[in-house]
Amino acid sequence: MTDTNRMLAVVPDPAPPELARTLDLAGFAWKAVAGINDAAETEPEGGWAGMIVDATDDIDAAWSFLRTTRKHQGSAIPTLLLVAGSQLPELEHRDELFDDFCLSPFHPSELEARLRHLLAAETEIQQADLVEYGDLVLNLETYQASIAGRPLDMTYMEYELLKFLAQNPG
């Protein structure tokens, strides 16, 4: 990562050795956190750039952590979930809790690529043209709409009408 002020949170503390080694060799700034309170107390001034949650040893604790994080932070922190192949069925109906996942044991190149993609996508979203009206957010580049962080499923014409109304209140 070129911006050393932006740091990744890694759950749990201590970070698994292979994960720590991969992050260090790839040049990511990171800090292991034990839980939600630790993440909040040690959060850098600019906020976490992203989060890696290793669910391979305790998936229930990972789900609890992710639910609490999303409840308090929304989807503001891009999150990568590490799971074992046997845990794949656990992902069903929980995709709102994480942004991407990687099978563990992972190949270092795959993990690095997924992290770079996740962090780049987040940067692009932050720089995108947005129309915000109350809880409504319209992304003018991707034609996505959401209310209170929940995506809306609509046709192109419905989107255009909603965009017009949001840009011309009253």
Side-chain angles (χ1 to χ4, degrees), residues 1-11 19 22-23 26-30 33 36 39-40 43-55 62-63 65-83 87-104 106-170:
M1 251 165 64
T2 56
D3 184 0
T4 55
N5 294 331
R6 300 290 289 162
M7 187 173 293
L8 294 170
V10 176
V11 180
L19 177 58
T22 300
L23 293 173
F28 287 100
W30 62 276
V33 294
I36 193 70
E43 184 173 359
E45 187 176 316
W48 296 110
M51 190 173 298
I52 302 171
V53 178
D54 185 351
W63 292 134
F65 176 84
L66 289 169
R67 273 192 295 277
T68 304
T69 301
R70 291 290 167 135
K71 183 177 178 182
H72 294 291
Q73 299 282 335
S75 59
I77 303 174
T79 304
L80 179 72
L81 181 67
L82 296 177
V83 293
Q87 295 170 318
L88 284 175
E90 294 277 338
L91 302 182
E92 193 172 341
H93 305 299
R94 290 187 171 112
D95 55 340
E96 76 282 356
L97 296 177
F98 58 93
D99 299 294
D100 195 5
F101 72 94
C102 187
L103 289 178
S104 190
F106 53 85
H107 189 282
S109 296
E110 180 186 4
L111 182 71
E112 181 180 350
R114 287 185 178 275
L115 277 173
R116 292 203 188 279
H117 177 75
L118 184 69
L119 298 175
E122 184 65 19
T123 301
E124 289 171 14
I125 288 171
Q126 289 174 357
Q127 295 173 351
D129 259 344
L130 299 178
V131 173
E132 298 182 38
Y133 186 79
D135 286 342
L136 174 68
V137 177
L138 301 171
N139 185 323
L140 301 179
E141 291 181 14
T142 63
Y143 298 97
Q144 294 174 326
S146 63
I147 292 182
R150 295 176 189 228
L152 298 175
D153 184 24
M154 56 180 51
T155 66
Y156 174 77
M157 191 57 88
E158 291 169 333
Y159 174 85
E160 286 297 317
L161 179 59
L162 186 60
K163 179 176 89 171
F164 174 79
L165 293 171
Q167 289 177 325
N168 300 287

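As the structure is a prediction and not an experimental result, all values here were calculated from the model.
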Can you measure from NE2 (H107) to CD (E112) and round to the nearest 0.5 angstrom? 11.0 Å
Mind checking the CG-CD1 spacing from L8 to I52? Nearest 0.5 Å is all I need. 5.0 Å
Parallel, tilted or perpendicular, judged at 30° and 60°: which one describes the rings of F98 and W63? tilted
How far apart are the closest heavy atoms of Y159 and N139, and which atoms are they? OH-O, 2.9 Å
Gap between atom CG of L81 and atom CG of L91 - 0.5 Å precision: 6.0 Å
Under 4.0 Å between a Lys/Arg side-chain N and an Asp/Glu carboxylate O for R116 and D100? no
For the residue pair L66 and V11, establish whether any side-chain heavy-atom pair is separated by less than 4.5 Å. no
Looking at T155, is its backbone amide N or carbonyl O close enough to the side chain of E158 to form a donor-acceptor pair, meaning the two atoms are under 3.5 Å apart? yes
State, yes or no, whether a side-chain contact exists between L162 and M154 at a heavy-atom distance under 4.5 Å. yes
What's the separation between atom CG in D99 and atom CZ in R114, rounded to the nearest 0.5 Å? 12.5 Å
Heavy-atom closest pair (A166 atom, V131 atom, distance to 0.1 Å) is CB-CG1, 3.9 Å
Nearest heavy-atom neighbours spanning A145 and L138: CB-CD2, 3.3 Å
I need the L19 CG to L80 CG distance, nearest 0.5 Å. 9.0 Å
Would you indicate whether the side-chain heavy atoms of P151 and Q144 approach each other to under 4.5 Å? no
For the residue pair R94 and R67, what are the closest heavy atoms and their distance? NE-NH1, 4.5 Å
Non-hydrogen atoms of L118 and P78 that approach each other most closely: CG-CB, 3.7 Å
Given side chains that start at C-beta, do those of L111 and F28 come closer than 4.5 Å, heavy atoms only? no
Beyond-backbone contact of M51 with F65, side-chain heavy atoms, under 4.5 angstrom: yes
Report the distance from atom CE of M7 to atom CH2 of W30, rounding to the nearest 0.5 Å. 10.0 Å
Check against side-chain contact (heavy atoms from CB on, under 4.5 Å), F101 and L88: CA-CA 10 Å; F101 72 94; L88 284 175; 3.7 Å; yes
What closest approach, in Å, do A55 and Q87 show between heavy atoms, and which atom pair accounts for it? O-NE2, 2.9 Å
